[in-house]
Peer 1: 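Input: one structure, supplied below.
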Amino acid sequence: MKPQINRRQFIKFLSAGAVSLTLPGCASFNAGVANEKKPNFIIIFCDDMGYGDLACYGHPTIRTPNLDKMAAEGQKWTNFYVGASVCTPSRAALLTGRLPIRSGMCSDKRRVLFPDSAGGLPKSEVTIAEALKDEGYATACVGKWHLGHLPQYLPTNNGFDSYFGIPYSNDMDRVGGEGRQAFLEPKTEYFNVPLMRDEEIIERPADQNTIIKRYTEEAVKFVRKSKNKPFFLYLAHNLPHVPLFVSQKFRDKSLRGLYGDVIEEIDYGVGQILSTLRREGLAENTFVVFTSDNGPWLIFNEHGGSAGLLREGKGCTFEGGMREPCIMWWPGKIKPAVVNDMGSTMDIYTTILTLAGANVPTDRVVDGLDLSPALFGTGPSPRKNMFYYRGAKLYAARKGPYKAHFITKLAYGKGKDEYHDPPLLYNLEHDPSEKYDISKDNPEVIIEIRKELALHLAGLKLGEDQLAKRIEKK
Ligand code: MG
């Protein structure tokens with residue numbers, strides 16, 4: 001254990017022993033979309049669902065027939081990462097293609113945005129929706145936003161034509177219930193969260209019992225309405241984040257209890273959306289991605305999900321916090337496969353923009369890479385490394401199969417920072433559960449990872465902290 005260190009000392013600590021290198025050239029893959037009809041895009045994003053929570057990722061008692069079929073028809077990624085292990089920064093990473101440290105959408109003062117937050121996604125960031133709107137796309141956001149609830153930060157001011165959803169987490173604005181029990185035996189009136197249509201609150205508290213169903217209905221309606229022009233739908237479920245709520249039709253149906261009921265209702269909704277695409281003749285021209293924002297919230301026991309064989313969960317930089325199920329589907333276009341290459345939500349940004357013929361911003365660092373080679377079976381994923389931030393600090397880095405932990409902390413609500421020098425080192429291909437530290441036998445691997453880190457940190461410009469800002473009380 002070391003005492004608190006400042007940022008300069010921290011970077012020095014991470015980069016010790018590194019040498020400077022020039023960036024290698026990065027070939028990009030052009031899918032040749034110019035002559036074809038522009039594809040549609042749907043991102044379905046869950047909240048706090050773990051790596052082990054789907055049947056097709058090994059869960060023994062949660063039934064997910066629609067996602068299983070989607071995975072069999074498309075690609076199931078097994079080394080797919082989010083940009084952060086909690087909601088707000090992870091969502092910022094997905095929608096901007098950038099590590100949240102660059103946009104300021106992460107913080108060591110507050111982990112996420114709250115109802116008293118004054119900040120949000122900076123105007124200067126280019127969201128997927130903004131980039132696609134410039135290409136003539138219809139855009140809709142349905143579900144959890146969590147990138148700022150003040151008017152200037154809402155989806156309708158970030159490239160989306162419309163918004164229907166709860167603008168932050170479903171456990172916020174708590175007004176009732178007793179302590180932890182409020183989360184384990186939740187009532188919808190305990191959580192005074194607003195449901196918004198565009199920029200207006202239309203229901204408060206939002207009836208969360210029907211929220212998965214209503215989000216799905218909105219999504220289906222948007223798909224039907226938009227079939228004559230290219231569209232982008234971002235459907236971000238508030239669940240299975242605690243407190244758990246589910247429609248009557250799915251209650252007490254799963255062997256996994258309420259958590260399983262919730263996942264099964266989400267799965268049913270995915271089935272509704274994919275069958276709508278098929279019915280409307282859109283399936284062959286629509287790229288659909290299903291994943292989640294971060295790992296399971298473990299302190300809620302059975303009400304939290306499971307990271308399967310991965311270590312820890314939400315809020316930390318062990319694999320259970322940041323590796324997620326990811327299913328990609330595009331019948332006739334994507335080569336069905338189980339993909340063991342690395343990918344990230346930031347890559348979804350770059351891949352979608354590239355496929356739409358939109359410009360990936362060049363006036364800033366974009367961390368996302370174009371996954372087209374892996375999607376279309378022409379080559380491997382271009383992603384060879386991953387940087388794991390917790391708040392504004394870098395805790396770990398992966399290069400190829402190897403991951404070095406410079407700092408570790410257990411999942412949300414557990415433990416303290418522990419500094420490691422030499423870093424803990426795991427071979428994630430041999431040891432996905434991060435059990436066996438091999439640092440002593442592999443000093444050359446650590447040198448290589450430090451080189452990558454030096455490159456990453458050399459040009460890093462920190463965005464202004466958006467999460468620490470609070471609305472001033474009158
Ligand atoms: Mg989350």
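Order of appearance sets the numbers: ligands from 1, and atoms from 1 within every ligand.
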Peer 1: Please list, one pair per line, the donor and acceptor atoms closer than 3.5 Å that link side chains of residues 117-128 to other protein atoms, with sequence neighbours excluded.
Peer 2:
unit_1	atom_1	unit_2	atom_2	d
Ser117	OG	Phe114	N	2.7
Ser117	OG	Phe114	O	3.1
Lys123	NZ	Asn157	O	2.7
Glu125	OE1	Arg98	NE	2.8
Glu125	OE2	Arg98	NH2	3.1
Thr127	OG1	Ala129	N	3.4
Thr127	OG1	Glu130	N	3.0
Thr127	OG1	Asn158	O	2.8

Peer 1: Look up atom CD in Glu319 and atom OH in Tyr388, then write down how far apart they are to the nearest 0.5 Å.
Peer 2: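 Between atom CD of Glu319 and atom OH of Tyr388 there are 4.0 Å.
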Peer 1: Looking at the Mg ion (ligand 1), which N/O/S atom of Asp48 is the nearest one?
Peer 2: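 The atom in question is OD1.
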Peer 1: Nearest N/O/S atom of Asp47 with respect to the Mg ion (ligand 1), by atom name, please.
Peer 2: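 When I compare the N, O and S atoms of Asp47, OD1 is nearest to the Mg ion (ligand 1).
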Peer 1: Looking at residues at least two apart in the chain, or sitting in another chain, which of them share a side chain to side chain contact (heavy atoms under 4.5 Å, CB included) with Pro401?
Peer 2: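 Counting only residues at least two positions away or on another chain, Pro401 forms a side chain to side chain contact (heavy atoms under 4.5 Å, CB included) with Asn427, Glu429.
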Peer 1: With respect to the Mg ion (ligand 1), please indicate if Asn294 possesses an N, O or S atom at a distance under 2.8 Å.
Peer 2: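 Short answer: yes, at least one N, O or S atom is under the cut-off.
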Peer 1: Looking at the Mg ion (ligand 1), is one of the N, O or S atoms of His241 less than 2.8 Å from it?
Peer 2: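 So His241 does not bind the Mg ion (ligand 1) by this criterion.
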Peer 1: Looking only at N, O or S atoms, find the one in Asp293 nearest to the Mg ion (ligand 1) and name it.
Peer 2: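 The closest N, O or S atom of Asp293 to the Mg ion (ligand 1) is OD2.
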Peer 1: Can the ring centroids of Tyr436 and Tyr426 be said to lie less than 6.0 angstrom from one another?
Peer 2: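 No, ring centres 6.0 Å or more apart.
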Peer 1: Mind telling me whether His456 and Phe387 have parallel, tilted or perpendicular rings, with 30° and 60° as the class edges?
Peer 2: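 Because their plane-to-plane angle is under 30°, the rings of Phe387 and His456 count as parallel.
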